[in-house]
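Atom set for the values below is all heavy atoms of this structure, side chains included, hydrogens, waters and symmetry mates excluded. Read the numbers this way: they start at 1 and go in the same order the structure lists the ligands and their atoms. Values in this document were obtained by computation on a predicted structure and should not be read as measured data.
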Amino acid sequence: MGADKFKSLDNNLVSEIPNNHNSKKSINKTLKRAYIESYGCQMNFADSEVVASILIKDGYSITKKLDEASLILVNTCSIREKAENTVRKRLEYFESIKEKNSKITVGVMGCMAERLKKKFLEEEKIVDLVVGPDAYKDIPRLLQEVENENEAVNVLLSKDETYGDISPIRLNSNGISAFVSITRGCDNMCTFCVVPFTRGRERSRDPKSILNEIEDLKYKGYKEVTLLGQNVDSYLWYGGGLKKDFKKATSIQRKTALRFHNLLSIVAEAFPKIRIRFSTSNPQDMSIKVIKIMAKYENICNYIHLPVQSGSNRILKKMNRKHTIKEYFQLIDSIREILPECGISHDMIAGFPTETIQDHQDTLKLMDYVKYDFGFMFAYSERPGTMAAKKINDNIDEKIKKKRLNEIIKKQQKHSLYRTKQYLGKIVCVLIEKVSKRSEYFWSGRTQQNTVVVFPKENYKPGDFVDVKIKSCTSATLIGKAIKISNRI
Ligand code: SAH
Ligand code: F3S
């Protein structure tokens, strides 16, 4: 099959099944149209592409138009209460559609499906199918169950499922950058976090299938991949199986095991013309080896997303984050030393239970030390089932959480502007991704540091690496003028 077969099309049908069977599937082709909507983290968006692939094999085509769908699938997020409420609202809307066309099937996938399981069918009458993050290969059977008017729920978590054998169908892709999953699940058990419960134990994907996927992307013209995992530094391939079972591995498995820095260098060597990013790094697991590999290869982007969550040792301990502020600063110092031009971003939680004004001040102080390029900042949201929910009373008033969050956001904006101003007058290498949202006459792309750059289009095109001179900036965007095609990446 041609590699371009499933490339995103401009019209509403993202992809079609090959029209060469006499089977029941091809007769039903016009009826089998799936609309997939995704919420939450990058991993969810990557998973939806896996699901699209599974559906296409089952005779579906994927549509971007809700009103022509026979199947609506929502890939959901449980990370904060607000994320779940957004999905509930959306389901209300889907209900109004289903009232008009009762033949439509509505399925819920992802973390909410895993968290709420069967309860979803009772709580939301509109839902026909519930499928957790490790059970997507079972979707064709579940759809059959729906057709037979049986209960269609599969929320089994797996020890080895990585979907490594599935070639994802790129949805909403710009054709330039793509996500490639390398690990699934998380073993870290941060006390506030629902992910270990919804995505199960940590396991890594076979490096061969990772390389195959990137090879395929390269063939299709992609110029950038982001290696994805809840905790990429924890990548460990020893022939399959859970990370926690590595202690049972044979001596040969141990000797030949691949860790994240090994994987990074293999990928960087194999694809020198492709920009490589990764997310998320966890301070407790990130090694100096990774930073050194980043320095060694020009095509590994100088950018690290390094969530810290709080600047207080006391709170970090209560969060079960297994490092101190001192160790975090040492890591930051090493990054700055080995990779002086590295962009660094963060995640921060305001108002974790028992957080005092002093703890909050420590967070602001930490931010002053690092001066992050940007960050993702949240008010603490208690998640049912987590250790924090069980053991620590959510005792910070919502108003105080908001106030602290706003102070954190304000500080970040100041730092972001400080960072973007450093680029004024400089020449940066930009990978063009798409037309700028601000103006159709401008391209939008990113630097290695992950900073967005916009500039007049001239004769350049998406996928070009371009040297751009920076003329002005906001806290979030650099504005410049292209000079020439870059000989950098
Ligand atoms: N695996 C990543 C993050 C996963 S969740 C890591 O290593 O940090 C993404 C972000 O959501 C987290 O970094 C955290 O800042 C935020 N988050 C997670 N649970 C939360 C909760 N209960 N309330 C508020 N924010 C939360
Ligand atoms: Fe969540 Fe901590 Fe893992 S934030 S995803 S439990 S590293």
Side-chain angles (χ1 to χ4, degrees), residues 39-47 76-86 110-112 114-115 133 157 179 181-203 226-235 243-244 260 278-286 290 304-312 315-323 328 331 344-355 363 366-367 372 374-394 396 398 401-402 404-405 408-409 412:
Y39 292 87
C41 63
Q42 294 166 331
M43 187 70 92
N44 259 8
F45 284 78
D47 281 358
T76 60
C77 172
S78 281
I79 202 82
R80 283 167 292 274
E81 195 181 3
K82 216 168 119 195
E84 291 203 349
N85 290 343
T86 307
C111 290
M112 268 177 98
E114 193 63 49
R115 196 177 83 70
L157 287 172
F179 298 126
S181 297
I182 63 163
T183 71
R184 296 186 75 81
C186 186
D187 285 351
N188 276 351
M189 298 306 272
C190 302
T191 57
F192 54 82
C193 186
V194 78
V195 170
F197 302 93
T198 57
R199 287 189 166 269
R201 299 277 66 80
E202 203 172 296
R203 63 221 104 109
T226 303
L227 308 178
L228 277 189
Q230 299 298 335
N231 180 10
V232 284
D233 301 286
S234 180
Y235 178 88
K243 167 135 189 191
K244 73 180 178 61
F260 184 53
F278 52 86
S279 190
T280 301
S281 300
N282 191 303
Q284 73 202 43
D285 297 306
M286 183 164 207
V290 168
I304 304 174
H305 181 54
L306 200 60
V308 65
Q309 319 295 359
S310 168
S312 151
I315 295 293
L316 285 186
K317 204 158 185 202
K318 280 197 179 297
M319 288 176 161
N320 195 31
R321 302 283 289 190
K322 295 202 170 97
H323 63 84
Y328 187 76
L331 184 58
I344 304 178
S345 60
H346 67 98
D347 290 347
M348 207 70 85
I349 297 179
F352 186 80
T354 79
E355 185 185 75
T363 294
L366 173 138
M367 293 176 75
Y372 294 99
F374 56 95
F376 303 92
M377 297 149 283
F378 315 100
Y380 174 71
S381 165
E382 186 178 86
R383 306 312 297 131
T386 58
M387 271 324 248
K390 283 185 195 156
K391 294 264 164 75
I392 326 172
N393 185 16
D394 181 12
I396 309 292
E398 289 304 316
K401 283 185 196 169
K402 279 267 152 61
R404 291 181 186 169
L405 176 62
I408 291 172
I409 292 174
Q412 185 50 54

Note to self: Let's go through Arg80 and Phe378 carefully: what are the C-alpha distance in whole Å and the side-chain angles of both, what is the deciding distance for side-chain contact (heavy atoms from CB on, under 4.5 Å) to 0.1 Å, and is it a yes or a no?
What the structure shows: CA-CA 9 Å; Arg80 283 167 292 274; Phe378 315 100; 3.2 Å; yes
Check: Should Ser381 be counted as touching ligand 1, given the test is an N or O pair under 3.5 Å?
Finding: yes
Next item on the list: Before accepting this row, confirm whether a basic side-chain N of the pair Glu382/Lys390 lies closer than 4.0 Å to the acidic partner's carboxylate O.
Entry: no
Next item on the list: Identify the two heavy atoms, one from Pro196 and one from Cys186, that lie closest to each other, and give their separation to 0.1 Å.
Entry: CB-O, 3.6 Å
Notebook entry, point to check: Under 3.5 Å, N or O to N or O, is Tyr380 touching ligand 1 that way?
Noted result: no
Notebook entry, point to check: In the protein, what heavy atom is nearest to atom 15 (O) of ligand 1, and what distance, to one decimal place, separates them?
Noted result: Gln309 OE1, 2.6 Å
Notebook entry, point to check: With under 30° as parallel and over 60° as perpendicular, where do the rings of Tyr372 and Tyr328 fit, or are they tilted in between?
Noted result: tilted
Checklist line | Sub-3.5 Å N/O-N/O distance, Gln230 and ligand 1 | finding: yes
Checklist line | Polar proximity ligand 1 side, Asp347 side, N/O cut 3.5 Å exclusive | finding: yes
Notebook entry, point to check: Do Asn282 and His323 meet the criterion of a side-chain donor-acceptor pair at a distance under 3.5 Å?
Noted result: no
Check: Heavy atom under 4.0 Å from ligand 2: found in Asn231's side chain, backbone, both, or neither?
Finding: neither
Next item on the list: Just need the protein heavy atom nearest to atom 1 (Fe) of ligand 2, so name the residue and atom and give the distance.
Entry: Cys193 SG, 2.3 Å
Item checked: Mutual orientation of the aromatic rings belonging to Phe278 and Phe260 [parallel < 30°, tilted 30-60°, perpendicular > 60°] -> perpendicular
Notebook entry, point to check: Closer than 4.0 angstrom: is that true for some heavy atom of Asn231 and an atom of ligand 1?
Noted result: no
Check: Judging by distance only, is a nitrogen or oxygen of Arg80 under 3.5 angstrom from one on ligand 1?
Finding: yes
Note to self: When you measure from atom 2 (Fe) of ligand 2 to the N, O or S atoms of Cys190, does any of those distances fall below 2.8 Å?
What the structure shows: yes
Check: Does some non-hydrogen atom of Arg321 fall short of 4.0 Å from ligand 2?
Finding: yes
Check: Are Arg115 and Phe197 in a cation-pi setup, meaning NZ or CZ lies under 6.0 angstrom from the ring centre and within 45 degrees of the ring axis?
Finding: no
Checklist line | Atom indices of ligand 2 within 4.0 angstrom of Asn282 heavy atoms, with elements | finding: 7 (S)
Checklist line | Over 12 non-hydrogen atoms of neighbours within 6.0 angstrom of NZ in Lys401 | finding: yes
Item checked: atom 3 (Fe) of ligand 2: the protein heavy-atom neighbour that sits closest, reported with distance to 0.1 Å -> Cys186 SG, 2.3 Å
Notebook entry, point to check: Under 4.0 Å from ligand 2, counting heavy atoms only, is it the side chain of Pro196, its backbone, both or neither?
Noted result: side chain
Next item on the list: Just jot down the ligand 1 atoms closer than 4.0 angstrom to any heavy atom of Asn282, in number order.
Entry: 7 (O)
Next item on the list: Please answer whether the main-chain N or O of Pro353 pairs with a side-chain N or O of Asp394 as donor and acceptor at a distance below 3.5 Å.
Entry: no
Check: What atoms of ligand 2 come within less than 4.0 Å of a heavy atom belonging to Gln230?
Finding: 5 (S)
Checklist line | Nitrogen or oxygen of Phe192 less than 3.5 angstrom from that of ligand 1 | finding: yes
